[in-house]
Amino acid sequence: VIAVLSGGVGAARFLTGVIEVVDPATVTAIVNVGDDLELHGLSISPDLDTITYTLSGEHDDERGWGLAGETWRAIDSLEQFGAEVWFRLGDRDLGTHLYRTGRLSAGATLSQVSAEIATRFGLGIGLLPVTDDPLRTFLALEDGREVPFQEYFVKLGHSVKVTGVRFAGADVALPAPGVLDLLESATRIVIAPSNPVVSIGPILAVRGVSEVLERRRDSVVAISPIVGGRAIKGPADRLLVELGSEASAVGVAALLSRYVGTFVIDEIDAIAARAVEATGVRCVVTNTVMSGHGVAASLARVALVESAA
Ligand code: FO1
């Protein structure tokens, strides 16, 4: 059994490789919910949906989020009312949010609804939010404001400097049913190449999760989301620097080394392998840039098989 701690786009791409290498029925993604938001009265879970849409092949590959063949009629109507439309919601995507919101208001948990949505999209893997309780990422900006994640990431285009990050609700949020059992029993726990601060951070902040990883670190492997000092996508490199770490494979290894026994870095960073190992992890070097076809599968093979402790 394999558990993959997952954020959004990078994790989704990695998971498409994982299911080429092992039986999807043995894989469960434990997904960040700190990016979730309520908008127009709808409950929206971007990381859960990005993984669902990508693994089903119905995603819009060039955007990286949302569904292919989208139309935008509903949000255009919303705009006529003067509603906030900076967070783009396509007509097909709205169906998912309408379904999720209806089920949650009928008393279902996010875990239950996520499983129903995964089934509708024919997902072979398990899909678990890290918690069914409220957990929301906020970023403190240097102008003193504190904004919810999507306001930072989309509305502000993450073009502002961050002075702090907070996971509201982490102090009381309980792991979703099955999360801790899965982490205890998994033969491998993989930390996907997601933003270590705002995608993996909220997952580790849920009570009991980081303790299991620390105890089982020899079975935990992480893939660096930073290649050659840059994030492949998104603000991970800037966030690391703004929050006092280093935008490098070594910087991420230092952040994760207490939870991780093996750290996979890109060939571009091969010269840093010894510095990575100096943080206390085993370092494995391979191609981690999932641009071409087949790279996600070869990366998954390295993470799941070759780097077995
Ligand atoms: N990202 C954007 O940059 N602009 C958007 O308008 C946007 C809308 C959106 C709607 C649904 C969804 O599931 C994701 C969406 N994203 C959008 C991506 C999202 O902000 C990020 O994928 C994650 O929150 C970070 O991993």
Side-chain angles (χ1 to χ4, degrees), residues 4-16 29-56 58-76 78-79 83-101 110 113-114 117-118 120-121 123 127 129-130 135-139 147-160 162 165 167 191-203 223 225-226 231-239 290:
V4 183
L5 304 192
S6 303
V9 178
R13 290 229 171 94
F14 174 68
L15 284 164
T16 63
I30 297 175
V31 185
N32 171 39
V33 293
D35 297 4
D36 291 13
L37 69 165
E38 280 71 39
L39 213 51
H40 319 302
L42 297 174
S43 295
I44 301 166
S45 297
D47 284 351
L48 282 161
D49 291 348
T50 298
I51 290 170
T52 301
Y53 294 166
T54 302
L55 290 184
S56 72
E58 295 196 44
H59 67 304
D60 182 293
D61 198 37
E62 152 259 335
R63 255 189 275 120
W65 51 268
L67 288 162
E70 266 298 10
T71 51
W72 311 88
R73 306 288 301 271
I75 197 162
D76 289 346
L78 264 176
E79 190 158 26
E84 288 201 84
V85 294
W86 51 270
F87 196 76
R88 308 301 297 161
L89 294 167
D91 297 322
R92 295 184 65 203
D93 192 31
L94 276 168
T96 305
H97 310 315
L98 287 165
Y99 180 74
R100 178 187 292 114
T101 305
L110 184 58
V113 185
S114 302
I117 293 169
R120 173 285 183 228
F121 279 92
L123 249 55
L127 193 70
V130 62
L135 177 64
R136 293 288 182 275
T137 300
F138 286 83
L139 296 129
V147 295
F149 178 81
Q150 296 298 350
E151 198 168 319
Y152 162 75
F153 189 79
V154 178
K155 191 171 186 181
L156 298 173
H158 52 77
S159 61
V160 288
V162 165
V165 61
F167 308 130
I191 298 183
S194 299
N195 186 314
V197 178
V198 292
S199 297
I200 303 302
I203 297 174
I223 298 154
I226 301 292
I232 299 294
K233 189 178 171 74
D237 43 16
R238 294 207 335 274
L239 276 175
M290 296 175 281

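Counting starts at 1 for both ligands and their atoms, in listed order.
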Taking the side chain as everything from C-beta on, heavy atoms only, tell me whether L37 gets closer than 4.5 Å to P148.
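No - every pair of side-chain heavy atoms lies 4.5 Å or more apart.
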
Just by distance, do the side chain of T101 and the backbone of L98 share a donor-acceptor pair under 3.5 Å?
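A pair under 3.5 Å: no.
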
Would R88 and E70 pass as an ion pair if we require N to O under 4.0 Å?
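Result for this pair is no, no salt bridge flagged.
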
Check side chain to side chain donor-acceptor pair (under 3.5 Å) between K233 and all other residues, then give those that pass, not counting sequence neighbours.
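K233: no side chain to side chain donor-acceptor pair (under 3.5 Å) contacts found.
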
Those residues that, when tested against H158, pass side chain to side chain donor-acceptor pair (under 3.5 Å) (two or more places apart):
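Listed in chain order: nothing, the list is empty.
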
Write 'none' if nothing qualifies; otherwise put on separate lines each N/O atom of ligand 1 with a protein N/O atom under 3.5 Å away and their distance to 0.1 Å.
unit_1, atom_1, unit_2, atom_2, d
ligand 1, 1 (N), W65, NE1, 3.4
ligand 1, 6 (O), R88, N, 2.9
ligand 1, 20 (O), Q150, OE1, 2.7
ligand 1, 24 (O), D35, OD2, 3.0
ligand 1, 24 (O), Q150, NE2, 2.7
ligand 1, 26 (O), D47, OD1, 3.1

Using the side chain to side chain donor-acceptor pair (under 3.5 Å) criterion, which residues pair with D91? Sequence neighbours excluded.
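Partners of D91 by the side chain to side chain donor-acceptor pair (under 3.5 Å) criterion, ordered by chain and then number, come out as T71.
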
